[in-house]
Protein chains: 2
Amino acid sequence: MMIYQKLLRNSGYKLTPQRQLIIDVLLENNQSHLSAEDIYQLTVEVSPELSLATIYRTLELLTELKVVKQVNFGDGLMRYELGDDSDLHHHHHLVCVVCQKIEEFNEDWLGEIEDRIEQEHGFQILDHRLIFQGICSNCRKNDN
Amino acid sequence: MMIYQKLLRNSGYKLTPQRQLIIDVLLENNQSHLSAEDIYQLTVEVSPELSLATIYRTLELLTELKVVKQVNFGDGLMRYELGDDSDLHHHHHLVCVVCQKIEEFNEDWLGEIEDRIEQEHGFQILDHRLIFQGICSNCRKNDN
DNA sequence: GTTTTTGCAAACAATTTGCAGGGAT
DNA sequence: ATCCCTGCAAATTGTTTGCAAAAAC
């Protein structure tokens, strides 16, 4: 937590209790791809006065500082995940269309593909998003 | 256009003038990744009484019938593209963060990756979305 | 005591919905 | 005559913003 205080300070921001709480929630639910509303539901128990607006503002700030990354699964809202850049670049998602659960997996084979795209299209790649939609092993067992 | 009439009929729907017009606009702007609002702007010239609500309902219907596919580039609104499934599966996007232009490219190397995921995760893949964000060749030349 | 940061409520933008009228079969 | 389809306006949802008060330095 000292880490985050320092990180904010260095950029001219303060680690307020609200921001601390939001970061805590993100840390505790690391693999969960929380939405702003999800975070609100988790913080409201601890600190009912914390407003959704503050959550959005904090997430915007943390995104700017690269503490969190926004991910859009196309389900109508933004989701946020903690993580450092090096991880995230090789980190993708499997979204189950039955139970909506999101699995993660890591791979780095996009590297060579990116090289090819840069050569063939002259397109300088900064980031990518790869999302697979399908049916997870659990739902396949319960063959819905 | 007969094709679409048949397609709708077979599913119990009618090819109304409004639906026809929306399909025409999609056909004429095939590579354009139009949003609902874009389509509205294009139809309103021809047929000013056509409402945005009808466009949304038509796009929902066409999505259901697999005539169009929704694509979410994470820019806050849904975009729609015509196309048959076989194409779309090997069809990805390069989104320029400078000029917002969207290039397309086709590749099918995700096949082997999908096989691996199915084996390792027991996850049955139905679809995927791969989007690269970066700087297009044009914007690189004008070195912004 | 100035600068951040917050909570509240209002504003906003994209999309959806309820309903009553219009059109096709 | 029924059922599908449409336009309109209102509702909904996710997110952003203006402003005045509270907190941090």
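Atoms CG (Leu21(A)) and P (dG7(C)) sit 10 Å apart, rounded to a whole Å. Atom pair Arg19(A):CZ and dA22(D):P shows a separation of 19 Å (rounding to whole Å applied). Atom pair Ile39(B):CD1 and dA14(C):P shows a separation of 14 Å (rounding to whole Å applied). Here the P atom of nucleotide dT15(C) and the CD atom of Glu37(B) are 9 Å apart, to the nearest Å. Taking atom CD of residue Gln70(B) and atom C1' of nucleotide dT16(C), one finds them 13 Å apart after rounding to whole Å. If you measure from atom CD of Gln5(B) to atom P of dC5(D), you get 12 Å, rounded to the nearest angstrom. When the C1' atom of dT6(D) is taken as reference, atom CG of Leu8(B) falls 15 Å away, rounded to whole Å. Rounded to whole angstrom, the span from the CD atom of Glu49(A) across to the C1' atom of dA21(D) amounts to 15 Å.
Under the 6.0 Å cut-off for aromatic ring centres, His93(B) and Phe105(B) do not qualify, their centroids lying 6.0 Å or more apart.
Take the nearest nucleotide of DNA chain C for Lys14(B) and for Met78(B): the residue whose nucleotide is more 5' is Met78(B). Looking at which nucleotide of DNA chain D each of Ala53(B) and Tyr13(B) is closest to, the 5′-most match is held by Tyr13(B).
Proximity of Gln18(A) to the phosphate of dG7(C): a side-chain N or O atom is located under 4.0 Å from OP1 or OP2. Tyr56(B) has a side-chain polar atom (N or O) that falls below the 4.0 Å cut-off from OP1 or OP2 of dT15(C). Contact annotation: Thr16(B) side-chain N/O to dA24(C) OP1/OP2 distance is not under 4.0 Å. The side chain of Thr54(B) contributes no N or O atom lying less than 4.0 Å from OP1 or OP2 of dT6(D).
For Asp24(A) and Arg19(A), the salt-bridge test fails: no basic side-chain N is under 4.0 Å from an acidic carboxylate O.
Among the atoms of the strands shown, none is found under 4.0 Å from any heavy atom of Arg79(A). Note on Glu60(A): nothing from the nucleic acid sits closer than 4.0 angstrom, heavy atoms only.
A donor-acceptor contact under 3.5 Å links the side chain of Arg57(B) to the base of dG18(C).
At a cut-off of 3.5 Å, with distance as the only test, no side-chain donor of Thr58(B) or Glu60(B) sits close to an acceptor on the other residue. If you check the side chains of His91(A) and Glu104(A), you find a donor sitting under 3.5 Å from an acceptor. Residues Glu49(B) and Ser51(B) have side chains that never bring a donor and an acceptor to within less than 3.5 angstrom of each other.
Listed candidates were dG14(D), dC5(D), dT15(C). Nearest to the side chain of Leu77(A) is dG14(D). The side chain of Leu52(A) lies closest to dT15(D) when the candidates are dT15(D), dT15(C), dT5(C).
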